[in-house]
Amino acid sequence: MEAIDNMNVTIRPVLSPPVAEALSVPMRAIVRRRYGTPDVLELETIERPVPGEDEVLVRVHAAAASIGDHHVVTGKPYVIRLSPHGGVLRPRSRVPGTALSGRVEAVGRK
């Protein structure tokens, strides 16, 4: 630990001006407001999310769909509604999906 204290370290701001400006630009996303068949999915322009302390913001270049995404979109089996990905009456997260590739745009403090 002593060696780390003696290092000359430059700390960058969490959001540099170009990244902060990029975060203010809306983005397009596939969203859902209720559970159901794939017909409930719509392409919309939404506000770009700001990463939390231990999160990253990724500009998605490619995404995949799996059976897990199907369960999250339909809300079935019903136990999925009790998970962090679900919500009892309607989805907590409007944008489904977790499998993606892309470029990191911004990072949280941690």
Side-chain angles (χ1 to χ4, degrees):
M1 191 67 168
E2 189 175 300
I4 293 174
D5 292 336
N6 294 332
M7 297 173 88
N8 184 8
V9 178
T10 303
I11 298 175
R12 295 181 304 154
V14 174
L15 296 175
S16 63
V19 172
E21 184 178 312
L23 289 177
S24 66
V25 176
M27 67 178 208
R28 293 183 334 180
I30 300 294
V31 298
R32 66 193 168 129
R33 300 192 188 297
R34 59 187 170 90
Y35 292 114
T37 62
D39 297 337
V40 301
L41 300 173
E42 297 177 358
L43 179 63
E44 293 183 9
T45 301
I46 63 173
E47 184 177 318
R48 191 173 303 267
V50 176
E53 285 192 6
D54 59 350
E55 296 177 336
V56 296
L57 178 66
V58 177
R59 179 180 297 270
V60 176
H61 293 279
S66 68
I67 190 66
D69 297 317
H70 171 74
H71 293 312
V72 169
V73 169
T74 62
K76 295 178 183 175
Y78 291 112
V79 72
I80 199 75
R81 296 178 184 211
L82 302 175
S83 76
H85 302 289
V88 177
L89 299 178
R90 65 180 166 271
R92 275 188 212 130
S93 173
R94 293 187 334 185
V95 181
T98 55
L100 59 95
S101 68
R103 185 180 68 221
V104 174
E105 292 285 311
V107 297
R109 289 181 35 218
K110 294 182 181 178

I'd like to check [X] versus [Y] (side-chain heavy atoms, cut-off strictly below 4.5 Å). Are they in contact?
X	Y	answer
R33	V40	no
R32	V72	yes
P96	D69	no
L41	V31	no

For L89, does the CG atom have more than 12 heavy-atom neighbours from other residues, nucleotides or ligands under 6.0 Å away?
no
For R92, look at atom CZ and say whether over 12 heavy atoms of other residues, nucleotides or ligands are found less than 6.0 Å away.
yes
Euclidean distance, [Y] [atom2] relative to [X] [atom1], rounded to 0.5 Å:
X	Y	atom1	atom2	result
E55	K110	CD	NZ	11.5 Å
E42	R94	CD	CZ	10.5 Å
R109	E53	CZ	CD	4.5 Å

Please answer: with hydrophobic residues joined when any side-chain heavy atoms are less than 4.5 Å apart, are [X] and [Y] in the same cluster?
X	Y	answer
V88	V79	no
Y35	I80	no
L100	V56	yes

What pair of heavy atoms forms the shortest contact from [X] to [Y], and how long is it?
X	Y	value
A62	V60	O-CG1, 3.4 Å
R81	T74	NH2-O, 3.8 Å
R48	P26	NH2-O, 3.2 Å
P51	V107	CG-C, 4.2 Å

